[in-house]
K.L.:
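Quick one: this structure, given as structure tokens, is what I'll be asking you about.
One-based numbering along the sequence shown.
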Amino acid sequence: LWLECSVAAGGIMAYIVYKRKKTRTIPLGDGWWGVGEKTLSEDQKIYPFQVETSDKEIEDLYERIDRTRYADPLEDGKFHYGFNSTYLKKVVSYWRHEFDWKKQVAVLNKYPHFKTKIEGLDVHFIHVRPPHRENQKVLPIMIVHGWPGSFYEFYKILPLLTQSRDGVVFEVICPSIPGYGFSEASHKQGFNSLAAARIFLKLMERLGFSQFYLQGGDWGSLITTNMAQMKPQCVNGLHLNMCMSNSGFKVLLSLLIGPYLPFLVGLSREDVRRLFPFFEKNVFEMLRESGYFHIQATKPDTAGCGVNDSPVGLAAWILEKFSSWADMKNRDLEDGGLERKFSLDDLLTNVMIYWTTGSITSSMRFYKENLGSNLNNRVDFKYVIFVPTGFAAFPNELMYCPKSWAQIRYRNLQSYTFMPRGGHFAAFEEPQLLADDLFNFVKKVEKS
């Protein structure tokens, strides 16, 4: 009886909190990130865009590659010290002699690209419409990348999302975060995920979408979450493959009791397997992997000088993440397991997007702008999310977030799936798995 009364009281309190908070949204506000003072008016037209290259650009790349000075690796160092230079030479040899950038530019241009000016910045995006068919429901969705990825991460999942399933299909908008790839970088300090979220909401409005779905991982998960906090009335559903939950007493209690009596703190057996021993898997492991994080969150321009000038340095900086973030065990391999999940053509295409646009430094600044202060003190971490949310928990994600932790922040969690395989770059590594989970989530939301 006591337990039933407690549950009932908890349910009543949750409802009261929900009614009190559900109308609370982060003010949309406005911003200006262009050069100089804000203009009185802004060109709101949307212009077609094509990725281009030239012989001069390629020759410059080759000249820089040919002048590379490598450091000798330590014996049996594998990937524990970063990108192993023995294997790096093989990757660079392929890049220099076999990789066809002009061919990959044609691949990039197989989907329609556009640019439009928002808050003083040229914002790049691709817009992929599904083939027209009778009796299908077309749902607009924006999918957002993170670092060190790009819009190209989604090229394998786009055909899956734009193919009708049980009468449901997506119309996909995939932007480049300002400062990444073909989106112009901010000229002013302070451009964080909230600013990116506001710009992407304006983009969806400009495209004529008043109701849409969102999907994101890495920075994309934070940006899409912010979008749902700013305009929940426009977001039909939010699907994530990376979750940043609030810390607090419930999380602390889970860590203390979870290994011994997980059912008392809402943890499943799979949660226990993935989460514990906590300090080894989530603290020490992150300390081993977060050197880049501290550099980019403090002195991005210093590190950026080197990787923006050296294509091989850039490749090492980026590709090491595609090795360890796909699976931490890859650090034990001489080649970092890089080609187990990815082709060199796909990996180098992503690198070339950063190289040809010179956007690595501005992409790194996004860490400093977001992490210059305690995240828990930011306005978005003080607001819970009530839009229908789905979460795909990939086993090799950098940090694991149990369902009970996700529900602290995402109060309307309608699906939580333990994915059978895959890591941080879900759409790039396991496009079919991610597409399946996204469709299942959206169908559930549409029926509710």
K.L.:
Under the rule for side chain to side chain donor-acceptor pair (under 3.5 Å), what residues qualify as partners of Thr417, not counting sequence neighbours?
P.N.:
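For Thr417, the residues satisfying side chain to side chain donor-acceptor pair (under 3.5 Å) (neighbours in sequence not counted) are Asp437.
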
K.L.:
In terms of side-chain geometry, is the basic nitrogen of Asp271 or Arg273 positioned less than 4.0 Å from the acidic oxygen of its partner?
P.N.:
no

K.L.:
Looking at Gln229 and Tyr383, would you say the former's side chain and the latter's main chain have a donor-acceptor pair under 3.5 Å?
P.N.:
yes

K.L.:
Hey, is the main chain of Leu108 close enough, under 3.5 Å, to the side chain of His113 for a donor-acceptor pair?
P.N.:
yes

K.L.:
With no hydrogens and no angle check, just 3.5 Å: does a side-chain donor-acceptor pair link Asp436 and Gln432?
P.N.:
yes

K.L.:
Quick test of your reading of the model: are Glu270 and Lys403 salt-bridged, counting only N-O distances below 4.0 Å?
P.N.:
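A salt bridge is absent here (no side-chain N lies under 4.0 Å from a carboxylate O).
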
K.L.:
Run the numbers on His124 and Ile126 for side chain to side chain contact (heavy atoms under 4.5 Å, CB included), then give the verdict.
P.N.:
CA-CA 7 Å; His124 162 261; Ile126 57 175; 4.3 Å; yes

K.L.:
So Leu194 and Met230, do their side chains get closer than 4.5 Å, heavy atoms only?
P.N.:
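The answer is yes, as the side chains (C-beta and beyond) meet within the 4.5 Å cut-off.
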
K.L.:
Any ion pair linking Lys321 and Asp218 (charged N to carboxylate O, less than 4.0 Å)?
P.N.:
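Here Asp218 does not pair with Lys321 in a salt bridge, since their nearest N and O are not under 4.0 Å apart.
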
K.L.:
Looking at Glu429 and Lys341, does any basic side-chain N land under 4.0 Å from a carboxylate oxygen?
P.N.:
yes

K.L.:
Hey, are Arg421 and Asn396 close enough side-chain-wise for a donor-acceptor pair under 3.5 Å?
P.N.:
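Distance-only check fails for Asn396 and Arg421.
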
K.L.:
Classify the side-chain pair Arg129/Thr162 by whether it contains a donor and acceptor separated by less than 3.5 Å.
P.N.:
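Note: Arg129 and Thr162 side chains miss the donor-acceptor criterion.
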
K.L.:
May I ask you to check whether Tyr400 and Trp405 place their ring centers less than 6.0 Å from one another?
P.N.:
no

K.L.:
Check this for me, if you would: do Asp327 and Lys329 make a salt bridge, where the nitrogen-to-carboxylate-oxygen distance has to be below 4.0 angstrom?
P.N.:
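Looking at Asp327 and Lys329, the cut-off is not met.
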
K.L.:
So, Glu289 and Ser324: side-chain donor and acceptor under 3.5 Å apart, yes or no?
P.N.:
yes

K.L.:
So, for Tyr81 and Phe79, is the gap between ring centers shorter than 6.0 Å?
P.N.:
no

K.L.:
Between the main-chain N or O of Pro148 and the side-chain N or O of Asn350, is there a donor-acceptor pair closer than 3.5 Å?
P.N.:
yes

K.L.:
Do Phe441 and Phe391 have ring centroids that are under 6.0 Å from one another?
P.N.:
no

K.L.:
Are Arg331 and Glu320 within salt-bridge range, i.e. N to O under 4.0 Å?
P.N.:
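Here Arg331 does not pair with Glu320 in a salt bridge, since their nearest N and O are not under 4.0 Å apart.
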
K.L.:
Can you pull the salt bridge (Lys or Arg N to Asp or Glu O under 4.0 Å) pairs that have at least one residue in residues 134-160, sequence neighbours excluded?
P.N.:
Lys137-Glu446, Lys156-Asp346

